[in-house]
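Note that the numbering runs from 1 along the sequence shown for the chain.
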Amino acid sequence: MDVCEICGRQGTPLTRHHLLPRSRHRKARFQRLHTREEGLEAIALLCRSCHSCVHGSLSEKELEQSYHTVEALRAHPGIAAFAEWLRNKPAGFQPLFRKPLPRRR
């Protein structure tokens, strides 16, 4: 049975999370640091709740630069706290996410 790579829950439908965001593939920095194959093959299987948490917590640029491995995502304080909370919830449980606040620049 498939398991979410962030929270470890079983029995929930999994989504494909590109560890190197596809929106960044055409950027010069990405092309200097990664090959096209790396960008397309670096995928994690996450439950919808964890996937939403990742994209709600980090920008595409942050994902590319600092959080492009499952280990790095698990180490992020907000994602780690969410995964710990979610870990013991039943398989069909879907938390409600409120709209994130605008990011300060």
Side-chain angles (χ1 to χ4, degrees):
M1 183 173 276
D2 292 327
V3 175
C4 175
E5 295 184 47
I6 299 290
C7 70
R9 288 194 309 163
Q10 294 181 345
T12 59
L14 299 179
T15 59
R16 294 166 32 109
H17 169 68
H18 289 268
L19 293 167
L20 295 165
R22 293 186 308 168
S23 64
R24 307 290 299 170
H25 287 198
R26 291 189 181 185
K27 304 290 182 187
R29 181 183 190 283
F30 178 93
Q31 292 176 354
R32 278 194 316 271
L33 298 175
H34 307 285
T35 65
R36 177 168 162 67
E37 291 75 28
E38 285 176 324
L40 295 175
E41 293 173 2
I43 292 177
L45 296 175
L46 308 180
C47 67
R48 171 49 49 204
S49 300
C50 286
H51 204 159
S52 295
C53 178
V54 166
H55 285 286
S57 301
L58 300 166
S59 69
E60 300 284 306
K61 189 173 184 177
E62 291 171 316
L63 285 168
E64 177 202 353
Q65 292 178 355
S66 304
Y67 295 97
H68 54 270
T69 65
V70 173
E71 293 77 21
L73 289 172
R74 283 189 198 133
H76 182 277
I79 295 171
F82 177 79
E84 184 62 34
W85 173 79
L86 186 63
R87 185 166 286 126
N88 297 320
K89 303 293 185 262
F93 178 78
Q94 290 288 334
L96 296 175
F97 288 97
R98 63 184 177 146
K99 199 171 192 178
L101 298 172
R103 294 182 189 272
R104 290 187 176 182
R105 294 183 192 246

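- At a threshold of 4.5 Å between non-hydrogen side-chain atoms, the residues Pro95 and Phe82 count as touching.
- Between atom SG of residue Cys50 and atom CG of residue Leu14 there is a gap of 10.0 Å, rounded to the nearest 0.5 Å.
- There is a path of hydrophobic side-chain contacts, each under 4.5 Å, that joins Tyr67 to Val70.
- Nearest approach of Cys7 to Arg87, heavy atoms of both residues: O-NE, 3.0 Å.
- A salt bridge does not link Glu64 to Lys61: none of the charged side-chain nitrogens sits closer than 4.0 Å to a carboxylate oxygen.
- At least one donor-acceptor pair under 3.5 Å links the side chain of Thr15 to the backbone N or O of Leu46.
- Using a 4.5 Å heavy-atom cutoff, the side chains of Glu5 and Val3 are not in contact.
- With a 4.5 Å cut-off on side-chain heavy atoms, His17 and Ile6 do not count as touching.
- Proximity of Asp2 to Gln10: side-chain heavy atoms (C-beta onward) are nowhere separated by under 4.5 Å.
- Using a 4.5 Å cut-off on side-chain heavy atoms (C-beta onward), Arg74 and Ile79 make no contact.
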Inset, instruction - Show the numbers, then the answer: is there a side chain to side chain contact (heavy atoms under 4.5 Å, CB included) between Arg9 and Ser49? - result: CA-CA 11 Å; Arg9 288 194 309 163; Ser49 300; 3.9 Å; yes

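- Rounding to the nearest 0.5 angstrom, the gap separating the CG atom in Leu19 from the CG atom in Leu63 is 8.5 Å.
- Heavy atoms only, all atoms of each residue included: Ser66 and Ala72 are closest at O-CB, 3.6 Å.
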Inset, instruction - List the steps, then state whether side chain to side chain contact (heavy atoms under 4.5 Å, CB included) holds for Leu86 with Cys47. - result: CA-CA 11 Å; Leu86 186 63; Cys47 67; 4.1 Å; yes

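- In this structure the side chain of Glu60 reaches within 4.5 angstrom of the side chain of His55, judged on heavy atoms.
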